[in-house]
Amino acid sequence: MHFCLIDLQRDFFEEITNDDETHRLTGNNGCASEKLYQLCDATVVPEYRDLVRRFMDVPTLAERLKNEEYISTEYRMCDGSWH
């Protein structure tokens with residue numbers, strides 16, 4: 001299981017817990033947008049990457065959540081699972 005704290009205003013993430021595979025892809029902290037896109041490119045099937053990148057767009061997240069309790073999307077991972 002992997003948990004991160006993401007500061008939307010600073011576009012910064014800090015890893016709280018991780019599994020070895022995810023840690024290898026993201027590191028401990030850094031630019032949230034950059035790391036989310038790297039993780040997307042490494043784990044999401046190509047046909048869903050644009051959708052996931054738009055969903056993970058940190059600079060627009062606060063505005064997209066402004067009048068919503070939550071947002072969601074569905075996509076397929078490289079291992080065949082759906083998220």
Side-chain angles (χ1 to χ4, degrees):
M1 182 106 9
H2 185 242
F3 293 99
C4 288
L5 175 65
I6 299 177
D7 181 330
L8 297 178
Q9 292 178 333
R10 295 183 336 163
D11 192 9
F12 182 81
F13 83 96
E14 183 173 4
E15 194 173 71
I16 298 170
T17 62
N18 71 70
D19 58 29
D20 290 335
E21 181 179 339
T22 303
H23 178 75
R24 220 177 45 250
L25 292 170
T26 64
N28 301 11
N29 59 51
C31 176
S33 295
E34 181 181 312
K35 295 301 179 179
L36 286 169
Y37 294 156
Q38 288 174 356
L39 189 58
C40 170
D41 291 347
T43 61
V44 176
V45 294
E47 59 267 28
Y48 283 92
R49 287 182 188 156
D50 286 339
L51 171 76
V52 173
R53 280 175 161 258
R54 287 191 308 270
F55 180 75
M56 293 178 166
D57 187 36
V58 173
T60 65
L61 188 56
E63 182 64 29
R64 290 183 287 139
L65 284 168
K66 186 176 182 179
N67 297 314
E68 303 293 335
E69 190 170 322
Y70 64 90
I71 58 173
S72 65
T73 194
E74 293 182 10
Y75 56 93
R76 191 164 52 93
M77 302 291 282
C78 291
D79 68 3
S81 64
W82 285 89
H83 290 232

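Quick note: numbers below take in every heavy atom, side chains included, and nothing from hydrogens, waters or symmetry partners.
Counting heavy atoms from C-beta on, the side chains of Val44 and Met77 come closer than 4.5 Å. Taking the side chain as every heavy atom from C-beta outward, Thr43 and Tyr75 never approach each other to under 4.5 Å. Residues Arg54 and Asp50 form a side-chain contact, since some pair of their non-hydrogen atoms from C-beta on lies under 4.5 Å apart. Phe12 places none of its side-chain heavy atoms less than 4.5 Å from the side chain of Ile6. A 4.5 Å side-chain heavy-atom check between Asp57 and Arg64 finds at least one atom pair inside the cut-off.
We find the CG-CD1 distance between Asn29 and Ile16 to be 12.0 Å, quoted to the nearest 0.5 Å. Once rounded to the nearest 0.5 Å, the distance linking NE2 of His83 with OG1 of Thr73 reads 12.5 Å. Here the straight-line distance linking atom CD of Glu63 with atom CD of Glu68 works out to 11.0 Å at 0.5 Å rounding. With rounding to the nearest 0.5 Å, the separation of SG in Cys4 from CG in Leu39 is 8.5 Å.
The two atoms that bring Pro59 and Ser33 nearest to each other are CD-OG, 3.6 Å, heavy atoms only. Taking every heavy atom of both residues into account, Cys40 and Val52 meet most closely at SG-CG1, 3.6 Å.
Within 6.0 Å of the CD atom in Gln9, the count of heavy atoms belonging to other residues, nucleotides or ligands does not exceed 12.
Under the 4.0 Å criterion applied to side-chain N and carboxylate O atoms, Arg53 and Asp41 are assigned as salt-bridge partners.
Phe13 and Leu61 fall within the same hydrophobic cluster, defined by Ile, Leu, Val, Met, Phe, Trp and Tyr side-chain heavy atoms under 4.5 Å apart, directly or through other members.
A cation-pi arrangement, defined by a distance under 6.0 Å to the six-membered ring centre and an angle within 45 degrees of its axis, is absent between Arg76 and Tyr48.
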